[in-house]
Enquirer: 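Let me begin by handing over the structure; questions about it come next.
As a basis for the values below, the full set of heavy atoms in this structure was taken, side chains included, without hydrogen atoms, waters or symmetry mates. All values derive from a computational prediction rather than experimental measurement.
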Amino acid sequence: MNKIKSAFVLIPATLTLLWWLADPLLLQGDLFFAVRSILVHYTGVLAMGMMSVAMLLALRPVALEPLLGGMDKAYRLHKWLGIGGLTLGTVHWLWAKGPKWAVGWGWLEKPARGPRPEQTVELFRFFQEQRGLAEAIGEWAFYAFAVLAAIALIKRFPYRRFLQTHRVMAAVYLALTAHGVILLPFAYWPTPLGVLMGALMAAGSVAAAMSLAGRIGRKRRAEGEIETLVHHRTNHVLEVGLRLNTPWRGHQAGQFAFVTFDPQEGPHPFTISSAWTGDGRMRFMIKALGDYTRSLPATLKSGDPVRVEGPYGRFDFGGAQPRQIWVAGGIGITPFVARLQTLASEAGTTPVDLFYSTSAPDEGFIARLRELAARAKVRLHVLVAARDGRLDADAICREVPDWQAAGVWFCGPAGFGRALRTAFAGRGLGPERFHQELFEMR
């Protein structure tokens, strides 16, 4: 989390510094309108810069995973940058439109403006002639961006609608880029700020074009079919076994993939629940959490085609600590099942305690989990909420007296994870030793 917080601060801070170096901040003429001009430029630079980086992160760049801590963290940064861009875009819009409204209502008097300096650069002269068009494009693109952002953030909209409308965001971004390129002050272009903004908007435009063409993640896709289906009715989990027919680059325990069962629905992210053995087979455990996942037991059948894209994520069970504590809440057991399979076939030496907390125990699944943990030489603790109460840091520390020497790996409900992280931090566990996936893609 610290990595994405740092990135979220560093991006606008860098843009602010370069803007300050590029803009002389001259307050000439009417003070209010001079300040307004400065703030319009500043908020426009910040909004466009943040949205450009968000657009690049939409490409799912695997090369950035080590820097950000995983694709789940990249998506969280993408979300924050989108919200930041919308907020700053709103401020930009208010500074651009508000004074014009105030003049129209008679609250402000517009200062007299002399003739614009003659542009000697042909391209800048063309931009100057298109200012009215660029302002109109930017205004309507901002309205569209606000609506699409609301759809993305309001969870009541189905995931399918989110995917469909979010792709339109790429077209809106291209319109905002045209607005930004034409209206960015000409004096900025020869400066480091102009170079950076040009590079960001160019790269963001390429990313937007790839999104509109459906090319995101294309090189990481594999095609296959459903081989097995096991429905655990007690805990509402569907196990889906796949057999891939095209090459797959392999995966590590703890990684996830985007899976498409229905092209009309689009890809959904699911954690991979099987170790990779090179035979083209992989499994997913899918919890019925929404309308789509609840429908899968009735709609999927063996032989159905499937597309898998990935793998992604850095939930890799690494670290220098001499022992590990794993905590799974509900369907959060999935990455640990994959890791248990890996350890069962290897000579693992790191002591591991796995705490599995569930409110809907499935005895068949728990029996298999116990068998797998025994083969992997992992100490398993199964806690049923109705019988054992809520799992907390105190209970974990009682069961693992040398917890101070451990790294903690958590996967489960976000609130559960926050509570454990806070409790362990209060006991002196460093934040770098508490690992948690932020498994939210919107």
Enquirer: Would a distance-only check, ignoring hydrogens and angles, find a side-chain to backbone donor-acceptor pair under 3.5 Å from Gln324 to Phe317?
Expert: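 At least one qualifying donor-acceptor pair exists.
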Enquirer: For Lys3 and Leu67: C-alpha separation, side-chain torsions, deciding distance, then whether side chain to side chain contact (heavy atoms under 4.5 Å, CB included) applies.
Expert: CA-CA 7 Å; Lys3 291 182 179 180; Leu67 296 176; over 6 Å; no
Enquirer: Side-chain contact, heavy-atom cut-off 4.5 Å: His92 with Tyr42?
Expert: no
Enquirer: How about Phe284 and Ser274: do any of their side-chain heavy atoms sit closer than 4.5 Å?
Expert: no
Enquirer: So for atom CZ, which belongs to Arg215, do other residues, nucleotides or ligands contribute more than 12 heavy atoms lying within a distance under 6.0 Å?
Expert: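 No, not enclosed.
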Enquirer: How far apart are the closest heavy atoms of Ala222 and Trp248, and which atoms are they?
Expert: CB-CE3, 3.8 Å
Enquirer: Excluding sequence neighbours, so at least two apart, what forms salt bridge (Lys or Arg N to Asp or Glu O under 4.0 Å) with Lys301?
Expert: Asp304
Enquirer: Salt-bridge test for Arg323 and Asp353: reply yes if a basic N is under 4.0 Å from a carboxylate O, no otherwise.
Expert: yes
Enquirer: If we ignore hydrogens and angles and just use 3.5 Å, is the side chain of Lys287 paired with the main-chain N or O of Asn235 as donor and acceptor?
Expert: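 Side chain of Lys287 to backbone of Asn235: a pair is present.
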Enquirer: How close do Lys73 and Gln436 get, heavy atom to heavy atom, and via which atoms?
Expert: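 For Lys73 versus Gln436, the nearest heavy atoms are NZ-O, 3.1 Å.
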Enquirer: With a 3.5 Å cut-off and no angle check, do the side chains of Arg283 and Thr228 form a donor-acceptor pair?
Expert: yes
Enquirer: Can you check whether Met48's main-chain N or O pairs, donor with acceptor, with Ser52's side chain at less than 3.5 Å?
Expert: yes
Enquirer: Please check if the side chain of Thr422 supplies one atom and the backbone of Ala419 the other of a donor-acceptor pair under 3.5 Å.
Expert: no
Enquirer: Could you walk me through whether Thr299 and Leu296 pass the side chain to side chain contact (heavy atoms under 4.5 Å, CB included) check?
Expert: CA-CA 5 Å; Thr299 57; Leu296 292 181; 4.1 Å; yes
Enquirer: Measure from NZ or CZ of Arg370 to the centre of the six-membered ring of Phe365, then state whether that distance is under 6.0 Å and the direction lies within 45° of the axis.
Expert: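 Relative to the ring axis of Phe365, which defines the angle, Arg370 lies outside at least one limit.
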Enquirer: Shortest non-hydrogen contact from Pro269 to Phe256?
Expert: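 Heavy-atom minimum between the residues: CB-CD1, 4.2 Å.
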Enquirer: Starting at OG of Ser359, measure out to CZ of Arg390 and round the result to the nearest 0.5 Å.
Expert: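 Rounded to the nearest 0.5 Å, the OG-CZ separation comes out at 10.5 Å.
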Enquirer: Going through the checks in order, is the salt bridge (Lys or Arg N to Asp or Glu O under 4.0 Å) test met by Arg218 and Glu309?
Expert: CA-CA 8 Å; Arg218 176 169 291 185; Glu309 179 201 323; over 6 Å; no
Enquirer: Could you check whether atom CZ of Arg233 has more than 12 heavy atoms from other residues, nucleotides or ligands sitting under 6.0 Å from it?
Expert: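 No, the 6.0 Å shell around CZ holds no more than 12 heavy atoms from other groups.
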Enquirer: Answer whether the closest heavy-atom distance between the side chains of Thr191 and Leu21 falls below 4.5 Å.
Expert: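 A side-chain contact is absent here, since even the closest heavy-atom pair is not under 4.5 Å.
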Enquirer: Would you name the heavy atoms of Met282 and Leu244 that are closest together and state the gap between them?
Expert: SD-CD1, 3.7 Å
Enquirer: For residues Asp392 and Leu420, report the shortest heavy-atom separation together with the two atoms involved.
Expert: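 Closest heavy-atom pair between Asp392 and Leu420: C-CD2, 3.8 Å.
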Enquirer: Go through the structure and list residues passing side-chain contact (heavy atoms from CB on, under 4.5 Å) with Gln321, not counting sequence neighbours.
Expert: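 With sequence neighbours excluded, Gln321 shows a side-chain contact (heavy atoms from CB on, under 4.5 Å) to Arg433, given in chain and number order.
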Enquirer: Tell me, do Phe261 and Ile226 make a side-chain contact under 4.5 Å, heavy atoms counted?
Expert: yes
Enquirer: Report the distance from atom NZ of Lys377 to atom CG of Leu340, rounding to the nearest 0.5 Å.
Expert: 12.5 Å
Enquirer: Enter the distance from Ser211:OG to Ile216:CD1 here, rounded to the nearest 0.5 Å.
Expert: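 Result: 4.0 Å between the selected atoms.
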Enquirer: At their closest point, which heavy atom of Tyr159 faces which heavy atom of Pro267, and how far apart are they?
Expert: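 Reported closest heavy-atom pair: CE2-O, 3.3 Å.
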Enquirer: Less than 4.5 Å apart, any side-chain heavy atom of Trp326 and any of Val352?
Expert: yes
Enquirer: Within the structure provided, determine whether Gln255 and Phe315 are in side-chain contact (heavy-atom separation under 4.5 Å).
Expert: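 No; the side chains remain at least 4.5 Å from each other.
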Enquirer: With rounding to the nearest 0.5 angstrom, report the CD1 to CG distance, Ile4 to Leu77.
Expert: 6.5 Å
Enquirer: Any carboxylate oxygen within less than 4.0 angstrom of a Lys/Arg side-chain nitrogen, looking at Arg314 and Glu65?
Expert: no
Enquirer: Ring-plane angle category for Phe434 and Phe424, please: parallel below 30°, perpendicular beyond 60°, tilted otherwise.
Expert: tilted
Enquirer: Quick one: does NZ or CZ of Arg76 land under 6.0 Å from the six-membered ring centre of Phe8, within 45 degrees of the ring axis?
Expert: no
Enquirer: Report yes if some heavy atom in the side chain of Phe410 is under 4.5 Å from a heavy atom in the side chain of Ile325; otherwise report no.
Expert: no
Enquirer: Does the salt bridge (Lys or Arg N to Asp or Glu O under 4.0 Å) test come out yes or no for Arg243 and Glu225, once each step is laid out?
Expert: CA-CA 6 Å; Arg243 184 177 67 248; Glu225 61 184 40; 2.4 Å; yes
Enquirer: Counting distance only, does the side-chain N/O of His236 pair as donor-acceptor with the main-chain N or O of His231 below 3.5 Å?
Expert: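 No, the answer is negative, given that no donor and acceptor are paired below the 3.5 Å cut-off.
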Enquirer: Is Arg60 positioned over the aromatic face of Phe258, cation under 6.0 angstrom from the ring centre and no more than 45 degrees off axis?
Expert: yes
Enquirer: Report the C-alpha distance between Leu56 and Leu64 in whole Å, list the side-chain angles of each, state the deciding distance to 0.1 Å, and finish with yes or no for side chain to side chain contact (heavy atoms under 4.5 Å, CB included).
Expert: CA-CA 11 Å; Leu56 289 172; Leu64 293 182; over 6 Å; no
Enquirer: Please check if the number of heavy atoms outside Asp291 that lie under 6.0 Å from its CG is greater than 12.
Expert: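 Result for CG/Asp291: open.
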Enquirer: Once rounded to the nearest 0.5 Å, what's the spacing between atom CG of Leu133 and atom CG of Leu183?
Expert: 9.5 Å
Enquirer: Is there a side-chain contact between Pro431 and Asn2 in this structure, where contact means two heavy atoms from C-beta onward sitting under 4.5 Å apart?
Expert: yes
Enquirer: Does either side chain, that of Glu239 or that of His232, offer a donor lying less than 3.5 Å from an acceptor on the other one?
Expert: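 Yes, side-chain donor-acceptor contact under 3.5 Å.
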Enquirer: Side chain to side chain contact (heavy atoms under 4.5 Å, CB included) between His435 and Val408: does it pass, once the steps are laid out?
Expert: CA-CA 6 Å; His435 309 273; Val408 179; over 6 Å; no
Enquirer: Tell me whether Arg307 is salt-bridged to Glu223, with the criterion being a basic N under 4.0 Å from an acidic carboxylate O.
Expert: yes
Enquirer: Show, in sequence, the C-alpha distance, side-chain angles and deciding distance for Asp362 and Arg368, and conclude whether the salt bridge (Lys or Arg N to Asp or Glu O under 4.0 Å) test is met.
Expert: CA-CA 10 Å; Asp362 183 287; Arg368 289 170 47 202; over 6 Å; no
Enquirer: To the nearest 0.5 angstrom, please state how far the CD atom of Glu139 sits from the CH2 atom of Trp93.
Expert: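 It is 7.5 Å, given to the nearest 0.5 Å.
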Enquirer: Could you work out, with side-chain hydrogen bond (donor to acceptor under 3.5 Å, both in side chains) as the rule, every residue matching His41, not counting sequence neighbours?
Expert: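 Listed in chain order: nothing, the list is empty.
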Enquirer: Could you point out which residue of Leu193, Leu46, Thr14 forms a side chain to side chain contact (heavy atoms under 4.5 Å, CB included) with Trp19?
Expert: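 Option passing the side chain to side chain contact (heavy atoms under 4.5 Å, CB included) with Trp19: Leu193.
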Enquirer: Looking at Ala134, is its backbone amide N or carbonyl O close enough to the side chain of His179 to form a donor-acceptor pair, meaning the two atoms are under 3.5 Å apart?
Expert: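 Checking the backbone N and O of Ala134 against the side chain of His179, a donor-acceptor pair under 3.5 Å is found.
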Enquirer: Just wondering, are more than 12 heavy atoms of other shown residues or ligands nearer than 6.0 Å to OH in Tyr143?
Expert: yes
Enquirer: Determine whether more than 12 heavy atoms belonging to other residues, nucleotides or ligands lie under 6.0 Å from atom CD of Gln264.
Expert: no
Enquirer: Just by modelled atom types, is the Ala360 backbone N or O under 3.5 Å from a matching donor or acceptor in the Thr358 side chain?
Expert: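 Present.
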